[in-house]
J.: 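Have a look at this one.
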Amino acid sequence: MLTRKQSELLRFIHERLKETGVPPSFEEMKDALDLRSKSGIHRLILALEERGFIRRLANRARALEVLRLPESTTPVASRGRKFSPSVIEGNLGRVRAPAPEDEAERATIAIPVMGRIAAGTPISALQNRSHTINLPPDLLPPGDHYGLEVRGDSMIEAGIFDGDTVVIRKQDTAETGDIVVALIDDEEATLKRLRKRGASIALEAANPAYETRIFGPDRVRIQGKLVSLIRKY
């Protein structure tokens, strides 16, 4: 699976190649995806190349070849249209509030594990469904849930270690002090504690070796809140 921005860029390149036979320039890609700089396009191109969706041809300017399309891609918007990008899409583990008469009948809930999340330096947002884990509903609040494998040590003082699996309830709001999955600039995801500082948003590590990062509210989108953690010994 691809992130929303990766899918948009792949579709844009594919459509331009079909129309003209020439891939778009980085400036055209930046405008089409409404990004602030071409550095974001470079990261998206690299991610698509690493995942085997495109190939850059050597010794040719602006030479890109689309190798394949995902089963489902989101068409790129016309300029100026805003999307609400999401790290995780698709069918998630849903927990509903049980009725008293069927409480004894509840089965475990299959939670999809959707890839890795950085607890440290932000990494590219992923949507790769690798496997599922089964949890009893008693451990989960109502809502849609997904799991992420933790990479990094920036949340160790919150009891979250490299190799743990965090269970996230999908939601787009959070309160100060919540540990959240945050999508930065529609491109990179990280697991941090949220602090609201006036109109700004601070993403706070739980490790003194890492600095708190502060962003404007338009640069951060909440993708979910930590509700549980799984550790293998």
Side-chain angles (χ1 to χ4, degrees), residues 1-90 114-118 120-128 148 151 172 180-192 194 199-203 211-224:
M1 296 287 289
L2 299 176
T3 67
R4 182 70 63 88
K5 284 293 185 183
Q6 290 164 2
S7 293
E8 291 172 22
L9 181 59
L10 181 62
R11 176 61 67 184
F12 181 61
I13 295 170
H14 177 65
E15 294 297 334
R16 181 61 66 86
L17 284 170
K18 283 201 308 181
E19 292 173 3
T20 68
V22 179
S25 68
F26 274 41
E27 185 68 27
E28 290 171 327
M29 296 181 209
K30 177 180 74 70
D31 291 343
L33 271 68
D34 198 25
L35 296 181
R36 294 178 179 82
S37 70
K38 287 186 283 189
S39 63
I41 295 296
H42 282 281
R43 287 193 292 269
L44 292 172
I45 289 289
L46 180 60
L48 290 171
E49 187 176 28
E50 289 175 344
R51 288 162 173 78
F53 288 94
I54 64 172
R55 177 170 60 194
R56 287 186 285 188
L57 305 178
N59 302 318
R60 292 174 58 187
R62 289 175 50 179
L64 293 173
E65 179 182 9
V66 175
L67 301 178
R68 62 189 179 96
L69 295 172
E71 292 182 0
S72 175
T73 56
T74 301
V76 68
S78 59
R79 291 186 187 183
R81 180 180 174 184
K82 296 290 187 178
F83 283 93
S84 296
S86 176
V87 176
I88 303 298
E89 296 178 342
M114 306 298 290
R116 299 174 178 176
I117 186 73
T121 303
I123 57 177
S124 295
L126 299 179
Q127 290 187 6
N128 299 321
L148 293 167
R151 291 293 177 266
D172 57 11
V180 301
V181 173
L183 184 63
I184 303 170
D185 292 334
D186 298 347
E187 296 170 20
E188 296 177 318
T190 189
L191 184 71
K192 291 291 182 290
L194 176 74
S200 299
I201 293 176
L203 298 178
E211 294 182 353
T212 296
R213 303 177 69 193
I214 300 175
F215 301 92
D218 60 328
R219 297 185 61 192
V220 177
R221 297 182 186 271
I222 303 303
Q223 304 290 286

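Keep in mind it's a predicted model, so treat the numbers as computed, not measured. One is the number of the first residue; the rest follow in order along the sequence.
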J.: Is the shortest distance from a Lys or Arg side-chain nitrogen in Asp218 or Arg36 to a carboxylate oxygen in the other one below 4.0 Å?
T.: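 Looking at Arg36 together with Asp218, the answer is yes, because their closest N to O distance falls below 4.0 Å.
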J.: So, do Val181 and Ile117 sit near enough that their side-chain heavy atoms are less than 4.5 Å apart?
T.: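 The answer is yes; the side chains approach within 4.5 Å.
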J.: Looking at CG of Asp31 and OG of Ser25, how far apart are the two atoms once the value is rounded to the nearest 0.5 Å?
T.: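 Rounded to the nearest 0.5 Å, the CG-OG separation comes to 8.0 Å.
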J.: Using the rule given for side-chain contact (heavy atoms from CB on, under 4.5 Å), can you reason through Leu17 versus Glu65, listing the C-alpha separation, both sets of side-chain angles and the distance that settles it, and then say yes or no?
T.: CA-CA 8 Å; Leu17 284 170; Glu65 179 182 9; 5.9 Å; no
J.: Compare all side-chain heavy atoms of Val180 with those of Gln223 and state whether any distance is below 4.5 angstrom.
T.: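 No, side chains not in contact.
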J.: To the nearest 0.5 Å, how far apart are CZ in Phe12 and CD1 in Ile41?
T.: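 So the gap between those two atoms works out to 9.0 Å.
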J.: Between NE2 of His42 and CG of Leu35, what distance do you get to the nearest 0.5 Å?
T.: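 One finds 11.5 Å between NE2 of His42 and CG of Leu35.
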J.: Should Lys5 and Leu33 count as side-chain neighbours, where that means a heavy-atom distance under 4.5 Å?
T.: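 Lys5 vs Leu33: side chains touch.
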J.: Would Asp172 and Arg221 pass as an ion pair if we require N to O under 4.0 Å?
T.: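 Here Asp172 does not pair with Arg221 in a salt bridge, since their nearest N and O are not under 4.0 Å apart.
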J.: Decide, yes or no, whether a salt bridge links Glu8 with Arg4 under the criterion of side-chain N to carboxylate O below 4.0 Å.
T.: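 No.
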J.: Using 0.5 Å steps for rounding, measure from the NZ atom of Lys18 to the CD1 atom of Ile13.
T.: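 That separation rounds to 14.0 Å.
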J.: Just how far is it from atom CZ of Arg51 to atom CD of Gln6, taken to the nearest 0.5 Å?
T.: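 The CZ atom of Arg51 sits 4.5 Å away from the CD atom of Gln6.
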J.: Identify the two heavy atoms, one from Ala189 and one from Ala118, that lie closest to each other, and give their separation to 0.1 Å.
T.: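 Ala189 and Ala118 have their closest heavy atoms at O-CB, 4.2 Å.
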J.: Can you tell me how far CD1 of Ile54 sits from CD1 of Ile45, rounded to the nearest 0.5 angstrom?
T.: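 It comes to 4.0 Å.
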J.: I need the minimum non-hydrogen distance between Gly40 and Glu187, along with the two atoms involved.
T.: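 Taking every non-hydrogen atom into account, CA-OE2, 3.5 Å.
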J.: Between Leu148 and Met114, does a side-chain contact (heavy atoms from CB on, under 4.5 Å) hold up when you go through it step by step?
T.: CA-CA 6 Å; Leu148 293 167; Met114 306 298 290; 4.2 Å; yes
J.: When you compare the side chain of Leu64 with that of Glu49, does any pair of heavy atoms fall below 4.5 Å?
T.: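 Heavy-atom side-chain distance check fails, nothing below 4.5 Å.
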J.: So, using side-chain contact (heavy atoms from CB on, under 4.5 Å) as the criterion, who are the partners of Arg68 when residues are at least two apart?
T.: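 Per chain and number, Arg68 pairs via side-chain contact (heavy atoms from CB on, under 4.5 Å) with Phe53.
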J.: Find out whether Ile184 and Arg213 are in side-chain contact, i.e. whether some heavy atom of one side chain is under 4.5 Å from a heavy atom of the other.
T.: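 Ile184 reaches Arg213 side chain to side chain.
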